[in-house]
Amino acid sequence: MWSNGLTVIHMDVLLSPIILFFVLGALAAFARSDLAFPEALSKALSLYLMAAIGLKGGTLVAETGFTGDLVLAGLAGLLLSCLIPLGAFALLRGFGRLDTTNSAALAAHYGSVSVVTFVTGNQILGDQGLPPAGYMVAVLALMETPAIIVGLILARRGASDSVGVSGGKELLRETLLNGSVVLLTGSFIIGVIIGKDGMEPIAPVFVVGFNGLLCLFLLDMGLLAARRLREARSLTLRLVVLGLAFPVINGAIGVALGAVLGFDVGTAAALGILAASASYIAVPAAMRLALPKADAGLYLAMSLAVTFPFNITIGIPLYTAFAQFWIS
Amino acid sequence: MWSNGLTVIHMDVLLSPIILFFVLGALAAFARSDLAFPEALSKALSLYLMAAIGLKGGTLVAETGFTGDLVLAGLAGLLLSCLIPLGAFALLRGFGRLDTTNSAALAAHYGSVSVVTFVTGNQILGDQGLPPAGYMVAVLALMETPAIIVGLILARRGASDSVGVSGGKELLRETLLNGSVVLLTGSFIIGVIIGKDGMEPIAPVFVVGFNGLLCLFLLDMGLLAARRLREARSLTLRLVVLGLAFPVINGAIGVALGAVLGFDVGTAAALGILAASASYIAVPAAMRLALPKADAGLYLAMSLAVTFPFNITIGIPLYTAFAQFWIS
Amino acid sequence: MWSNGLTVIHMDVLLSPIILFFVLGALAAFARSDLAFPEALSKALSLYLMAAIGLKGGTLVAETGFTGDLVLAGLAGLLLSCLIPLGAFALLRGFGRLDTTNSAALAAHYGSVSVVTFVTGNQILGDQGLPPAGYMVAVLALMETPAIIVGLILARRGASDSVGVSGGKELLRETLLNGSVVLLTGSFIIGVIIGKDGMEPIAPVFVVGFNGLLCLFLLDMGLLAARRLREARSLTLRLVVLGLAFPVINGAIGVALGAVLGFDVGTAAALGILAASASYIAVPAAMRLALPKADAGLYLAMSLAVTFPFNITIGIPLYTAFAQFWIS
Amino acid sequence: MLVRTKRNKLEILVDRPLLRRVRDIALEADIPGFTLLPTVGGGGHHGRWSEEMVTGGAGSKVRFMTLIDDATVERLLEKLEPLISEYSLIVTIVQVEKITDDSNDV
Amino acid sequence: MLVRTKRNKLEILVDRPLLRRVRDIALEADIPGFTLLPTVGGGGHHGRWSEEMVTGGAGSKVRFMTLIDDATVERLLEKLEPLISEYSLIVTIVQVEKITDDSNDV
Amino acid sequence: MLVRTKRNKLEILVDRPLLRRVRDIALEADIPGFTLLPTVGGGGHHGRWSEEMVTGGAGSKVRFMTLIDDATVERLLEKLEPLISEYSLIVTIVQVEKITDDSNDV
Ligand SMILES: Nc1ncnc2c1ncn2[C@@H]1O[C@H](COP(=O)(O)O)[C@@H](O)[C@H]1O
Ligand SMILES: Nc1ncnc2c1ncn2[C@@H]1O[C@H](COP(=O)(O)O)[C@@H](O)[C@H]1O
Ligand SMILES: Nc1ncnc2c1ncn2[C@@H]1O[C@H](COP(=O)(O)O)[C@@H](O)[C@H]1O
Ligand code: NA
Ligand code: NA
Ligand code: NA
């Protein structure tokens, strides 16, 4: 029964327009088509998605109020984003055969989160009648930064590598005030303030248009991911294996933690998605500053071109199935 | 009773998503977050808002027909945009301690208008059941240019300053055909032609999406305004005082004129908003050409970073209260 | 009766917001206004329109299934895009007094198609209750490339002219994988897969918003077309005559072929529109590569500044009238 | 065959509202061609700026670049002098080698 | 420690559809790196143009810039000659001083 | 009147996340002004890149350009040396003639 359920969900999801546009983008880039989004459009879509998901989460919380679950979920998210880098670091050093600096940089990416993966997961879960709790958006914002600090500590312990010129304090400020963190948190708070009624006049843009614009954004992400994969030089087979194993392991841990804490299926799946996803906004910028000797091409390829496509296509239904299996 | 009414409206407005996004942008920029809109997105949103407000005004006029009020309002707008610079110039020279050229340049900004301030005011008034007459959009377009000519006359009288290389005629042509004037007027005329029925198929984009896209644009304006304020060098305390006093004085004059002419509350408030607002599109470009020795950093800071935020947050509800008090 | 019908349709169409915005753009550019769209916005709108029209066609085909008509229409399209360049080439050499290379380059443009012309025609036909069959989108995609090959053969026969450095094979790959071809075809296939039900959640963006965004795009196209016309140096009166005659002749042939094949009015009119339209995306890029000695300013001016405006304003209602006359 | 000629690469940093005037004057001075190059921001004695399309380009700048011979440099600077002075424009000149096909070098 | 070396800064103004070919040829000539720089418009004997994404980039141009030594300049120009002639490309070369960390200078 | 002065045009290719630091250091070295110039992509020993706003600018680069005299060049390079080494930045210097109105040349 269960495995049937999984298959059904999975096929359904793979044939949703969101995923199909992602696949279209990837195919176009592999075929070396000159299809490309102007940078400003990609950025505009990415700002829009953050504002929209922030508002969505905020208005949901405005309805349910601040509950104990919110605090629990926040702590769970923080815990995951601090512990995941430790495990990832060990595997990257050992199995992945990477040096300390690169392992630390990559570990930070996996401890942090990908907004688009979350947004896509949230949409898919909602479509299946399993909407995650609104406060998961706050958890998403919370989980963006801590892994960066853990990653830097790991890198520093690796002695020989000097950490970037920039003092830690300035870097911390910049990371905490990263545009994506500010926009997510800000929109979330605006959502809490205005509530469901205040959302009504702006819903046509931020709610009704969401699904369609997500399609366009994923088309672009498909292009970017496949291009990165084509141009990735330092990506070894071992690293690709890790880039696929990390999300499965971390996703399972996230869902399990959610189940233990008594969350509903959608919310636990969302925690799994957060744990499984890897950052490609806040962390790469911070790593370029703090660990200049790490290979930017490598960490962006792992995060964008290996883990992200896996999560979008296979990961999200998989973590949902985990949650359904363990909770119901 | 009255002051209570004001407070209620005001709190309501300050908690509307439009204003909250503006505040979010300003806070992000003050905190030196790297949140930023791509230029093309800002420009796209600004073009959209002009087309949408033009269409809105035009379709309203198509319904009500061209009335005597339209002509009256146009004349009132012209009068305001010619007289306001004179008063502003005197105060900038005297109290503001600025030289002739800079005073003239700034005076022109205050005589002209800000499209976004009008658009925001129009939206807020509409939300409160006080929609201004459709022809106010035509008045908005009418008021963009005349103050530039008044400003240049003021500057020329200040003898010693040579006025830019470019002949007055070429400058006049460029100003009258400024993109924002053309788009506003053009969309207004299209609105008049197609009427309410013709709007229907395009309403999802130009009407239904309006409020949400205005939120995004004001988020960006918050970022721009706060950044300008942070980097403004030549802004003195006296000038800031004037930047706050001008809108209150001009706004009151505008509303009073509207009341005298027998306009309804919403329309009179809109005339006040136009009088109170300062240009940051057509006038800065014209001044850069015609008065090259004027300080562009100063006039953009006054208009964008002092007067605009005041109008968006405090000014609009204030002029509405004026109108309610004097008319009803 | 008939000519009356034509006039009515025509006036109606000329007063639709789509066309009015196009005219506004053209007027603004002729008046040398500085109104301009950021490049990224033009590109974004053009990508959106392709995705939307692809999805629309695909979901229609998903409903009706793959019929014999689809194959017939595809063959008709291929035939037109191979034969039209031959006729155009002869006229350009003879009446147009152009050299072989430029004639071949221009002939390729007229054999290929313009996505926006098709999209606008499709919209106008739909508004009049004459929606073309969904598979015409596939025909649109099919007709983008073949004319390029015909054009190159024509150029090569003209002996003295060497054809570009790039091997034909590489050029063919690039042309077949041109972004617009890939996006159109891809979205069409996605539309077929997801069907009407799958479209529902993304319809607010891709269906409901279509008309309004098309207005914005045509405003920009009006600007571009008029600017090209103003700056076109090598455009002679004879060439302008051909730029107006080609669409009428080819449009008539296309409609006639559709009538002979037994298509309904809307579908035959759409085939006429495809035949009448000239490419300004895939073909110019290919010609710049393959026929570097051809005058890029000339072929872009003919396609964008002469034929496109004619088709948008006069051509579409004309071919519709042809179809109504010959079929009903 | 490729020809190599010595040329001056002259660049003017122009406020966007001024661009049309600079271009028209330069064309009057009979330059053989020009290319416009974008900027994203800057700073100087008059404060900082960054590309800002919303304010009608009043605060944006663009670089007007032209490859010209010595005589044209003098002719161009003479014609542009009032504009350079009035608007405090910055002009730079670098010696470059220009390489084109001989059929193209006019 | 910083090392200073004399280099040639070679720039090619390339039509966007041609970019891939120029890049591939340049890489075949073993250049150590390149940077692509945007343009916004221009004018010359063949008329005016401005960045126009809608027309598939057919009318847009980009600058291909590479810092190379004298030998590489000759090698590169030799390989690019057919393209330069066929497409009437404009190449410029300036003498520059290149400064990098010594561990980086390959 | 126009004044012509010899200047160094110094350009640094900077990763976008680093830009603020480079600018602050340069201002500390008392440069009279700077202009930021965009790039669209490139390639070198560490692989290819292209402007990509989505990834927070981590992979994008911008050129920091400043026109300075010889003494300022030395002062600036000294201050920037740690950054240049740490982040493998590429700096180029060209001799240019700078032309401005005399009232403007500070
Ligand atoms: N020394 C310089 N190097 C590079 N760009 C400069 C320099 N001085 C001025 N600029 C540019 O010219 C603009 C105006 O300069 P200023 O009039 O000094 O504020 C600045 O914002 C810079 O973009
Ligand atoms: N002398 C020049 N200086 C700067 N750019 C030029 C020059 N000549 C040509 N160009 C550029 O090269 C393009 C093609 O030149 P042409 O083939 O002369 O039309 C022009 O549109 C300019 O962008
Ligand atoms: N020789 C060169 N000429 C032009 N740009 C270069 C050169 N070498 C490196 N670059 C630029 O600097 C970036 C980093 O270089 P690298 O560290 O060699 O990968 C490259 O992606 C190019 O954008
Ligand atoms: Na994670
Ligand atoms: Na005003
Ligand atoms: Na055709």
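By convention in this document, chain letters (A, B, ...) are assigned in the order of the sequence lines, proteins followed by strands, and residues within each chain are numbered from 1.
Closest of all the heavy-atom pairs between A:Lys293 and F:Ser85 is NZ-O, 3.4 Å. Of all the heavy atoms in A:Ala285 and F:Pro17, the pair that sits closest is O-CB, 3.9 Å. The two atoms that bring A:Arg288 and F:Asp15 nearest to each other are NE-OD2, 2.9 Å, heavy atoms only.
Applying the side chain to side chain donor-acceptor pair (under 3.5 Å) test to pairs two or more places apart or on separate chains, those with a residue in residues 142-155 of chain A are A:Glu144-A:Ser180.
Neither the backbone nor the side chain of A:Leu47 comes within less than 4.5 Å of any heavy atom of chain F.
Partners of A:Phe89 according to the ring-ring contact (aromatic ring centres under 6.0 Å, His included) rule, which considers only residues two or more places apart in sequence or in another chain, do not exist here. Taking F:Arg63 as the reference, F:Glu11 meet the salt bridge (charged side-chain N to carboxylate O under 4.0 Å, His left out) condition, with sequence neighbours excluded.
More than 12 heavy atoms of other residues, nucleotides or ligands shown are found within 6.0 angstrom of CD on F:Glu81.
Note that CG of A:Leu171 and CZ of F:Arg21 are 6.5 Å apart. Values are rounded to the nearest 0.5 Å. To the nearest 0.5 Å, atom CG of residue A:Leu289 and atom CD of residue F:Glu86 are 10.5 Å apart.
Among A:Met287, A:Lys43, A:Glu39, A:Glu174, the residue making the largest number of heavy-atom pairs under 4.5 Å with chain F is A:Glu39.
At a heavy-atom cut-off of under 4.5 Å, chain F is reached by A:Met221, A:Leu224, A:Arg228, A:Glu231, A:Arg233 from residues 221-235 of chain A, listed in order of number.
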